[in-house]
Number of protein chains: 2
Amino acid sequence: MSRPLVRVPLAGVVAGEVGLPPRASHYLAHVHRLGPGDRFVAFDPQAETEAEAEIIAVTRRGGSAHVRLGPPRPASLRPARRVTLIQALGRGSKVDAVVRDATELGATCIAPVLSARSVGGTRADRSGRLRRIAVEAARQCGRGDAPLIEPTAPLPEALRRHAPSAGSGLGLCLHPRAATPLGAALRELRSEGEVVLVVGPEGGLTDEELGLGASLRYRAVSLGPLVLRSETVCAAALGALLAWGAAR
Amino acid sequence: MSRPLVRVPLAGVVAGEVGLPPRASHYLAHVHRLGPGDRFVAFDPQAETEAEAEIIAVTRRGGSAHVRLGPPRPASLRPARRVTLIQALGRGSKVDAVVRDATELGATCIAPVLSARSVGGTRADRSGRLRRIAVEAARQCGRGDAPLIEPTAPLPEALRRHAPSAGSGLGLCLHPRAATPLGAALRELRSEGEVVLVVGPEGGLTDEELGLGASLRYRAVSLGPLVLRSETVCAAALGALLAWGAAR
């Protein structure tokens, strides 16, 4: 198999000749050592489009690449299902790693939240930084879009905003003491149904938070009785969802 | 709910009074600031036993704790299924993180291997270090055993050693271009059946390696067309397996 083409994120993919911004130019000319005549793929994660492209010229220091873009088409690899991850921040939850994992594993929206046990760590809104991490992860795994990163909000606000409506979608709070196994809840998943996963910080969700979730139609589900780290829960639950969806 | 008792790994859990080794003593007296009268749980990951225990005395600098162990019992939380992870080493595969994730997610054996594309990184056998990481992860998540860590070996050797026998168990090579989704293969899983997961390094398994796997009854399965990092594949596949198993 031939090597897949290098992918470069670009805001606004339109057919024609264009000078790339410094970051994209550096990536092509220095990281991958591509030059005039070499081909790559430009993708616009926000518009979910991509286009084949060719380098025409690179300035001496590689600071700027002049390229020709072909006609844009819908991105070929996008998640089949809408999946929102509500992830509580905390000392133990390495949110950068969570955003990378969740992007690879098909989350379409990530809502960083502050919960009752979100102790330690920064409370500043880091959604700008997380957006860049998501676009970079999308580039690396070949995904043609990137998850929407919401601004950091209190958990109750995010629970209300993403609450599943009656009869459609599935809202799931991951909790080691929940009686329902994740797999049992996934049995009710419809082929196109949206899923909202809620993952607590180190120390977990409080009974009050689980209660608020229950009143908003979220179900508490478990990946077993062991106490998993926040980032492990995210990857394991999204992996189960991916495998489940593809099996139908 | 009361706070769960602190857990300390100990080689050989036998009822009676005993002086703890420095590492365990330090953990109780300094990390958790426990003293005479405080209770904890000692667990032996190798014997898969545990016992409630009480601190009798701590020497002045906390270098040695004298404790009383109750009668040992089988560890309460152990994986229900035998799951082996054959994980190829490589620059991109952070094997420490893989061992931590796999321990939390119920792997019972981890075989670090060198595959054709295991470039970069150290080729030295790090299984001693990985064993310590597995015991520490078991302690943190509350698991009463720890996965067996095999010495680093060439991939073909590990594939042969763990090959599923006809009619029992499931051997699965994770590969983004495989036609069978992981979820479809998991449909064939029996409730007590052993599973062997094979995860390639950055760059993936070669066609030759997949061919050798096929000749040994491993099936190539996919978590979708995106190119996932090695450590993401591990957590996602083990998560799917956990959810699947619990749903039956």
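Letters go in sequence order (proteins before strands), and every chain restarts at 1. Because the structure is predicted, anything quoted here is derived from the model rather than measured.
Atom-to-atom distance recorded for A:R229:CZ and B:D101:CG is 5.0 Å, nearest 0.5 angstrom. Rounding to the nearest 0.5 Å gives a distance of 11.0 Å between CG of B:L238 and CG of A:L223.
Annotation for B:R78: atom CZ counts as buried by contact number, over 12 foreign heavy atoms lying within 6.0 Å. A 6.0 Å sphere centred on CZ of A:R131 holds more than 12 heavy atoms belonging to other residues, nucleotides or ligands. Within 6.0 Å of CZ on A:R73 lie more than 12 heavy atoms contributed by other residues, nucleotides or ligands.
Contacts between residues 104-111 of chain A and chain B, counted as heavy-atom pairs separated by less than 4.5 Å, involve A:E104, A:L105. Within residues 38-46 of chain A, no residue has any heavy atom under 4.5 Å from a heavy atom of chain B.
Nearest heavy atom pair, residue B:G239 against residue A:A240, reads O-CB, 3.9 Å.
Both the backbone and the side chain of A:L228 come within contact range of chain B, with heavy atoms under 4.5 Å apart.
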